[in-house]
> 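Quick one: structure below, then a few questions.
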Number of protein chains: 2
Amino acid sequence: MKHSNMKNDSMIPPVDPPSLAERIRLDMDSFTPSEKRAAHLLLSHYPFAGLDTVAEFATRAGISAPSVLRFVTRLGFSGFPDFQKHLREELEAQLLSPLAKASPLDKSQGAPALASFAEAVIGNLRATVENIAPAEFDAVVELLSDPRRHIHFTGGRFTGALARYAESHFRIVRSQVDFIEGQPALWRDRMIEIGKKDVIVAFDIRRYQEDVTALCETAAKQGATVVLLTDPWISPIARVARHVLPAHIVAPSNWDSSTGLLLITEALVAAVTKRLWETAKPRMEAVERLRNEKP
Amino acid sequence: MKHSNMKNDSMIPPVDPPSLAERIRLDMDSFTPSEKRAAHLLLSHYPFAGLDTVAEFATRAGISAPSVLRFVTRLGFSGFPDFQKHLREELEAQLLSPLAKASPLDKSQGAPALASFAEAVIGNLRATVENIAPAEFDAVVELLSDPRRHIHFTGGRFTGALARYAESHFRIVRSQVDFIEGQPALWRDRMIEIGKKDVIVAFDIRRYQEDVTALCETAAKQGATVVLLTDPWISPIARVARHVLPAHIVAPSNWDSSTGLLLITEALVAAVTKRLWETAKPRMEAVERLRNEKP
DNA sequence: TCTTAATTGAAATTTTTGGTACAGCTTTTG
DNA sequence: CAAAAGCTGTACCAAAAATTTCAATTAAGA
């Protein structure tokens, strides 16, 4: 006679705990107003907000102690200490295994639209990584880590946003970083300052934009180094580019997906930040300090 | 005087806190036998062993409760709660500060940089998809497909670029789409036109920006519907948001990754485009025609 | 509008926890 | 070897924390 009442303990031993935070998020609708306030406080400083006393938690959330108690009870804990114990254990587990992230938890059929789209995007990312020569990637990191260079980001209609995204990060990591609008009228005059010391990082995918191409050609003619992030069909900018990093972009959509480009961008940001850590760290700290001074 | 009064904070205020663990290790010799047992327990499960109760800690260390108390007193704390508070703060600071993550320099460099980054991002995407309620996603698609609504996109320092990305696509798919800059000075006056018919799509991840929150709160107060794309810790904007779509953002980088947010964005664009195909198709064709006429 | 149900917090209550005094034991030292 | 000093645990107490009660308030329904 089997005692297999439990389904979970059959084969998969250490199933990643469905983080309490995630559960709270999903149940958010079913909470009363004051429970929501408790939930938001907890999630916004997860899980540290929950490690204080009930009174402290209640005050910070702007509700009463009993409401906090009702909140944790509703989450299924026998009491506040029980709740705290869970938080501690979760935190410890998470900290001990830094790679406990990709938690394949509930198999609740996600929105099919979203799920299938995601699978396609993931396929793109894998293909993108495989088709980029490590040497090329490293060379670009090297280039962007050179403090004597000026870095200019630019992009087309849709990819311009990615260029801005890159610029907003690199601007903090290092100096001499800016963004150039695609329209010729907006950059013509700036070109007089572009020379051998400059690097243009251009984002351009199909329906390649002529104005971005023109920008890069002009810059290259003046001696600038051009780095191109594009699609597998390669923008014509490649003719003047020193380095080309292509990303797969086809998705089940009427539009192309830029996720691969973003992946490369973020990987570049991460690598350059690490490379320039000695100088980047104080810059990041300074930015953080300024942020905190505002209020 | 024993200790130098000179503080090294003349210019660089908040640098590396001398972890309590380090101090304990250095002072180990000066401890009594039972204090040493306490110290060893704490160091071996630092700092979690210290987050339990005195009684628990004493039992695990194999000593009595008073010895534990004497131990923490000797470390300079006014009592056990004070000691615990310190541990929590230390832990929180270490975990939250993206600056702290870079302390142990790993040796992987070059080719693996992109590949391992990609794997982490893929993990994020999977986790993101699994944690979004299908109903929520569909509801947002429905909302953004309503031609009678005005759609406004906005975002913070880094996420603003994603908002622009979304806006540049939706602008073509449908009418009445725009982008709002985060700074209050730039949107204050526009708020008079925001009402029940408006939808605000806000992008906001940790180091949540107050100005974006203010924008959403103001808009919500006037009856607008707020859709929030955020991280698993949920921006405070959630208070006023009708729909919340969280994305996992932690990557092997000093920066958070926005790939999950981009995934959701693109999936929304794809779904809405399909939903509104009858009207979107002629719009897209018209845009293409205009592009070709320009030269 | 009135009634009913749900939600919430002030205050009282109970439980737990941290803290202290003191006596026994161990080690050190003259 | 004896006296002093230091260390440790038992037992108790005080303080603080969690929890329950219950009345007031608010929202929902008829």
Side-chain angles (χ1 to χ4, degrees), chain A residues 20 24 27-43 45 47-91, chain B residues 20 24 27-43 45-91 196 220-221 223 238-242:
Chain A
L20 180 61
I24 292 175
D27 291 353
M28 189 63 85
D29 295 338
S30 67
F31 293 151
T32 70
S34 63
E35 281 170 347
K36 277 189 182 136
R37 305 186 78 174
H40 283 135
L41 171 63
L42 180 59
L43 291 178
H45 296 299
F48 300 98
L51 295 179
D52 260 300
T53 66
V54 170
E56 178 72 17
F57 188 94
T59 304
R60 291 222 283 155
I63 59 180
S64 71
S67 294
V68 175
L69 270 297
R70 283 186 284 262
F71 173 64
V72 302
T73 303
R74 172 181 283 246
L75 290 178
F77 298 99
S78 67
F80 201 74
D82 186 31
F83 165 71
Q84 289 190 320
K85 183 156 172 270
H86 178 91
L87 289 182
R88 283 201 308 267
E89 289 172 350
E90 200 178 84
L91 183 60
Chain B
L20 178 61
I24 292 176
D27 292 354
M28 188 63 84
D29 295 337
S30 69
F31 293 150
T32 71
S34 62
E35 281 171 349
K36 274 184 186 150
R37 305 183 75 170
H40 282 134
L41 171 62
L42 180 57
L43 291 180
H45 296 300
Y46 193 84
F48 300 98
L51 295 179
D52 259 301
T53 66
V54 171
E56 179 71 18
F57 188 94
T59 303
R60 290 222 282 155
I63 59 178
S64 71
S67 294
V68 175
L69 271 297
R70 284 186 283 262
F71 173 63
V72 303
T73 303
R74 172 182 281 249
L75 291 176
F77 298 100
S78 67
F80 202 74
D82 186 30
F83 165 72
Q84 289 191 320
K85 185 156 172 271
H86 177 92
L87 290 181
R88 283 202 308 267
E89 288 173 351
E90 203 177 81
L91 184 59
K196 293 193 188 67
K221 202 169 295 174
R239 268 177 197 255
V240 298
R242 174 80 56 88

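All heavy atoms count here, side chains included; hydrogens, waters and symmetry mates do not. Order of the sequence lines fixes the chain letters, A, B, ..., with proteins taken first and strands second; residue numbering starts at 1 for each chain.
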> Quick one: does Phe80(A)'s side chain get under 4.5 Å of Thr53(A)'s, heavy atoms only?
no
> Is any side-chain nitrogen or oxygen of Ser67(A) closer than 4.0 Å to OP1 or OP2 of dG9(C)?
yes
> Report yes if a side-chain nitrogen or oxygen of Thr32(A) is closer than 4.0 Å to either non-bridging phosphate oxygen (OP1 or OP2) of dT8(C); otherwise report no.
yes
> Any side-chain to backbone donor/acceptor pair from Gln84(A) onto Asp52(B)? Under 3.5 Å, distance only.
no
> Choose from dG9(D), dG9(C), dT19(D) the nucleotide whose nearest atom is closest to any side-chain atom of Phe80(A).
dT19(D)
> What's the closest nucleotide to the side chain of Leu69(A) if the choices are dG19(C), dG18(C), dT19(D)?
dT19(D)
> What orientation do Phe57(B) and Phe71(B) show, parallel under 30°, tilted 30 to 60°, or perpendicular over 60°?
parallel
> Describe the nucleic acid contact of Ala55(A) in one word from base, sugar-phosphate, nothing, applying a heavy-atom distance below 4.0 Å.
sugar-phosphate
> If you count the non-hydrogen atoms of other residues, nucleotides and ligands that lie under 6.0 Å from NZ in Lys36(B), is the total more than 12?
yes
> Glu56(A) has an atom CD; how far is it from atom C1' of dA16(D), in whole Å?
14 Å
> Under 4.0 Å between a side-chain N or O of Ser34(B) and OP1 or OP2 of dT8(D)?
yes
> For Asp82(B) and dA15(D), what is the distance between atoms CG and C1' respectively, to the nearest whole Å?
16 Å
> How many Å lie between CD on Glu35(A) and P on dA6(C), as a whole number?
14 Å
> With nearest nucleotides of DNA chain D determined for Gly79(A) and Arg70(B) from heavy-atom distances, which residue corresponds to the more 5′ nucleotide?
Arg70(B)
> By nearest heavy atom, map Pro66(A) and Arg74(A) onto DNA chain C; which one lands nearer the 5' end?
Arg74(A)
> Within this structure, what is the CD-to-P distance between Gln84(B) and dA17(D), rounded to whole angstrom?
11 Å
> Using 30° and 60° as the class boundaries, would you call the ring planes of Phe77(B) and Phe83(B) parallel, tilted or perpendicular?
perpendicular
> Distance check needed: dA18(D) P versus Leu51(A) CG, whole Å only.
12 Å
> Give the rounded distance in Å between these two atoms: CD1 of Ile63(B) and C1' of dC7(D).
12 Å
> Expressed in angstrom and rounded to an integer, what is the separation of Phe31(B) atom CZ from dT8(D) atom C1'?
17 Å
> Quick one: Arg37(A) CZ to dT7(C) C1', roughly how many Å, whole number?
14 Å
> Measure from the side-chain heavy atoms of Pro33(B) and tell me the nearest of dT8(C), dG9(D), dC7(D).
dC7(D)
